[in-house]
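Structure record follows, encoded as structure tokens.
Both counts, for ligands and for their atoms, begin at 1 and track the order of listing. Quick note: numbers below take in every heavy atom, side chains included, and nothing from hydrogens, waters or symmetry partners. Keep in mind that this is a model prediction, so the values were computed, not measured.
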Amino acid sequence: MKYTKEDIVRMVNEKDIEFVRLQFTDIFGQLKNVAVTRSQIQKVVNDQIMIDGSSIEGFTRIHESDQYLHPDLDTFAVLPWMPAERKTARLICNVYNPDGTPFVGDPRYVLRRALKRAQDLGYTFNVGPEMEFFLFETDERGLPTTRTADAASYFDMAPIDHGGDVRREICLMLEEMGFEIEASHHEVAEGQHEIDFKYADALTAADNISTFRMAVKTIAQSHGLHATFMPKPVFGINGSGMHVNMSLSKNGKNIFFDPEGEKGLSKEAYSFIAGVLEHVRGFAAITNPLVNSYKRLVPGYEAPCYLAWSASNRSALIRIPAARGNSTRVELRCPDPACNPYLALAVCLTAGLDGIEKGLTPPAEITENIFTMTEKERQAHGIASLPGNLLEAVELLEQDSIITEALGDHVLKSYTSGKRAEWDEYRTRVTDWERQRYMIVY
Ligand code: GLU
Ligand code: MG
């Protein structure tokens, strides 16, 4: 929706909206907000609401902590799970410095900057994410467990599927917020679900991912369940991915489609794929941000671990779904739903554009199941692997100058120092697995 300042003020007054939440995202993808009441609405639309950024992860240092929230008026939406009287609305904001320049640590700015590069080439970057998540029971204190009464699997229905009612309510509420929900289903693992919404330009898509996570968690909680986007909550069953379907359009036409091209794909599509393959090891720390992310990226659970593309094969990192024409797209299967969506889409775009600008060509398509290949066979095909853990991913990120430049110095430094600290905390822990494996034998 396109809104003016006057539209916002009018809607707040006419629709009984008492609170407006001004949202923004920290560097690790956490949604933050400050709520104001209706009395402040002129200040809101005139970009005059100030926050102290000093205690926000990855934001500023103490002596330069004042920042201003510039709401993106088009993101105005009423939060449907809040009370129906004296309603609450939200606006997603860009973060600015007091001197009126955009704040370089704002992840939304990192994406806007990457999108500007695409715009300069005449491209719109469209993204359709596939969000997977688990619904778990909570204990007597309301804390999450890994229990699920649901023994359903792929595309199962009630009464085996215990998440059906929650999924229904999530879909209805998101539709009230303007989402177009395309499909929702029970995923492969017990307690695992997926909801897909319509693709959008990347900035809207990143806002939608953020809103989606908040909605799912809030609605699950009202059903006494805990929703998690943790990539691999339970060993031995599928983890949760956030497959990202990407395309570029120019003057409303999908430029990845070429009826004359091999497999109906254009030269740009192939170069985009090549660029993503070139940089994916460098950007994995962004698309797969947690220690836990790398426990999903192992063979056997429909999550990728090897660098290859395929028109059909789900074991490949990049899949080209069958649809052509305006629906032609490249599906990247490694990202997980714990990522910062603004940074993740920025690095995917940057990698793909680099491929187009350099005219790269991808290696040959892999049609065999890569999971059943031996290491020798993979080597013979020249198939490399994604990083095996968060530390390796951070090191590869620091070495990829195209990706680090897209993030900018401030975001890169805050992000990698946070991730190195996370790794250090993890690597010194003694786990149950170690005790079971070593305590008796040694
Ligand atoms: N859950 C799988 C993953 O971790 C994906 C399953 C699917 O193909 O939808 O990526
Ligand atoms: Mg899925």
Report task. Return yes when E130 approaches ligand 1 closer than 4.0 angstrom through a heavy atom, no otherwise. Result ->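 Per 4.0 Å heavy-atom rule, E130 does not contact ligand 1.
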
Per-atom contacts of ligand 1 with [X], taking only distances under 4.0 Å to non-hydrogen atoms:
{"X": "R333", "answer": "8 (O)"}
{"X": "H243", "answer": "3 (C), 5 (C), 7 (C), 8 (O), 9 (O), 10 (O)"}
{"X": "N238", "answer": "1 (N)"}

(Q) Looking only at N, O or S atoms in E132, which is nearest to the Mg ion (ligand 2)? (A)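 In E132, the N, O or S atom with the shortest distance to the Mg ion (ligand 2) is OE2.
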
Worksheet item: Is a side-chain donor or acceptor of K32 paired with a backbone partner of D26 at a separation under 3.5 angstrom?
Response: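 Looks like no, no N/O pair under 3.5 Å.
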
Practice item. Check whether the ring centres of F197 and F212 lie less than 6.0 Å apart, and answer yes or no. Key: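 Yes; F212 has its ring centre under 6.0 Å from that of F197.
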
Between the Mg ion (ligand 2) and E187, is there an N, O or S atom separated by less than 2.8 Å?
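E187 does place an N, O or S atom closer than 2.8 Å to the Mg ion (ligand 2).
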
Taking 2.8 Å as the cut-off, does E194 contribute an N, O or S atom near the Mg ion (ligand 2), distance below it?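 An N, O or S atom of E194 is closer than 2.8 Å to the Mg ion (ligand 2), so yes.
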
Consider only side-chain N and O atoms of [X] and [Y], and report whether a donor and an acceptor are under 3.5 Å apart.
{"X": "N238", "Y": "E187", "result": "no"}
{"X": "E434", "Y": "T431", "result": "yes"}
{"X": "E137", "Y": "T148", "result": "no"}

Worksheet item: Hey, is ligand 1 close enough to P304 that some N/O pair sits below 3.5 Å?
Response: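 N/O-N/O distance below 3.5 Å does not exist for this pair.
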
Return a yes/no value for E132: is any of its N or O atoms, backbone included, closer than 3.5 angstrom to an N or O of ligand 1?
->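 There is such a contact, yes.
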
Does the ring of F133 carry K217 above it, NZ/CZ under 6.0 angstrom from centre and within 45° of its axis?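 Ring-cation test returns no.
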
Step-by-step ring pair (Phe, Tyr, Trp, His ring centres under 6.0 Å) determination, H226 to F134 | CA-CA 8 Å; H226 179 82; F134 279 82; over 10 Å; no

